[in-house]
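First the structure, then my questions, so here it is.
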Amino acid sequence: MHLHLAYPAVLAVLLFSVGLYGVLARRNAILVLMSVELMLNAVNLNLVAFDVWLRDSLHAGQALTLFVIAIAAAEIGIGLAIVLAVYRNRGSSAVDELRDTAESAESAAEEPDPAHQPPSAQTSKKAEATA
């Protein structure tokens with residue numbers, strides 16, 4: 001029995017589409033990471049399917065699949081560590097809130113905080129205000 005290349009290719013397209021939708025539409029960082037994993041698994045399915053279809057004697061598709069699995073494991077480990085650290089600090093893992101936090105941090109960096117200025121600058125501003 002010979003399996004046609006179209007079946008795993010269509011399944012890979014469906015998996016990749018679901019993963020892409022999850023990356024673009026989800027707000028939870030953990031669900032975004034799971035969607036990225038779905039996309040990587042679709043790529044793995046294509047690599048193995050084309051390796052079998054081409055009857056490669058070196059099995060390069062399967063070797064590349066092992067590298068993708070190793071990279072995905074490292075990515076999910078680091079990604080979950082970052083998400084847990086953000087959740088502990090902020091109390092939420094929503095991607096939109098993280099974006100708002102980054103924008104507020106940029107605006108706070110542009111405006112100097114008077115509490116962190118040297119005392120000489122603070123006294124000169126007080127003198128200007130009283131004059």
Side-chain angles (χ1 to χ4, degrees):
M1 184 172 130
H2 184 49
L3 186 68
H4 293 286
L5 183 62
Y7 298 127
V10 168
L11 180 61
V13 166
L14 291 174
L15 277 176
F16 195 86
S17 299
V18 169
L20 186 64
Y21 172 76
V23 167
L24 296 176
R26 296 295 176 180
R27 299 188 193 280
N28 191 346
I30 293 177
L31 292 177
V32 171
L33 288 174
M34 288 174 59
S35 299
V36 170
E37 291 294 321
L38 270 178
M39 293 167 63
L40 289 173
N41 285 331
V43 170
N44 285 341
L45 182 61
N46 267 335
L47 285 171
V48 171
F50 276 98
D51 182 56
V52 169
W53 184 65
L54 293 173
R55 295 192 173 121
D56 186 17
S57 62
L58 295 176
H59 299 293
Q62 293 178 19
L64 284 174
T65 299
L66 291 176
F67 284 119
V68 171
I69 290 171
I71 289 171
E75 174 257 336
I76 200 70
I78 292 171
L80 280 177
I82 291 171
V83 168
L84 285 175
V86 167
Y87 183 77
R88 286 181 185 161
N89 287 335
R90 302 283 180 208
S92 173
S93 63
V95 177
D96 293 340
E97 291 178 15
L98 296 177
R99 189 176 315 134
D100 294 339
T101 304
E103 290 172 359
S104 65
E106 289 174 1
S107 64
E110 294 172 0
E111 299 174 6
D113 188 14
H116 297 298
Q117 291 181 352
S120 61
Q122 291 176 358
T123 54
S124 65
K125 286 185 180 180
K126 286 180 186 175
E128 289 175 2
T130 56

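This structure is a prediction, so every number in the text was calculated from the model and none was measured.
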task: For residues S35 and G22, report the shortest heavy-atom separation together with the two atoms involved.
output: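 S35 and G22 have their closest heavy atoms at OG-CA, 3.2 Å.
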
- prompt: Is there a chain of hydrophobic side chains (I, L, V, M, F, W, Y, each step under 4.5 Å between heavy atoms) that links V36 to L31?
  reply: no

query: Got V43 and L47 here, is their nearest side-chain heavy-atom distance under 4.5 Å?
result: yes

- request: Check whether V32 and M34 end up in the same hydrophobic cluster, where Ile, Leu, Val, Met, Phe, Trp and Tyr are linked by side-chain heavy atoms less than 4.5 Å apart.
  value: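 No.
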
query: Honestly curious: do Y87 and I30 fall in one hydrophobic cluster under the side-chain, below-4.5 Å linking rule?
result: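 Different hydrophobic clusters.
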
statement: Closest non-hydrogen contact found for V83 with S93 is CG1-CB, 4.0 Å

query: Which distance, rounded to the nearest 0.5 Å, do you find between the CD of E75 and the CG of L80?
result: 8.5 Å

- request: Is it possible for you to say whether L33 and L38 belong to one hydrophobic cluster, with membership spreading through side-chain heavy-atom contacts below 4.5 Å?
  value: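 No, separate clusters.
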
Which atom of A72 lies closest to which atom of L40, heavy atoms considered: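 It is CB-CD1, 3.6 Å.
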
Shortest non-hydrogen contact from P8 toward L5: CD-O, 3.3 Å

message: Let me confirm one number: the CD-CD1 distance from E37 to I69, rounded to the nearest 0.5 Å.
response: 10.0 Å

message: To the nearest 0.5 Å, what is the distance between CG on L45 and CZ on F50?
response: 10.0 Å

message: For residues V18 and L15: do they belong to one hydrophobic cluster (side chain heavy atoms under 4.5 Å, members Ile, Leu, Val, Met, Phe, Trp, Tyr)?
response: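 The answer is yes; both residues are in one hydrophobic cluster.
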
- request: Could you tell me which residues satisfy side-chain hydrogen bond (donor to acceptor under 3.5 Å, both in side chains) with S92, sequence neighbours excluded, listed by chain and number?
  value: E97

message: So, using side-chain hydrogen bond (donor to acceptor under 3.5 Å, both in side chains) as the criterion, who are the partners of T65 when residues are at least two apart?
response: none

message: Within the structure provided, determine whether V95 and R26 are in side-chain contact (heavy-atom separation under 4.5 Å).
response: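 They are not in contact (no side-chain heavy atoms under 4.5 Å apart), so the answer is no.
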
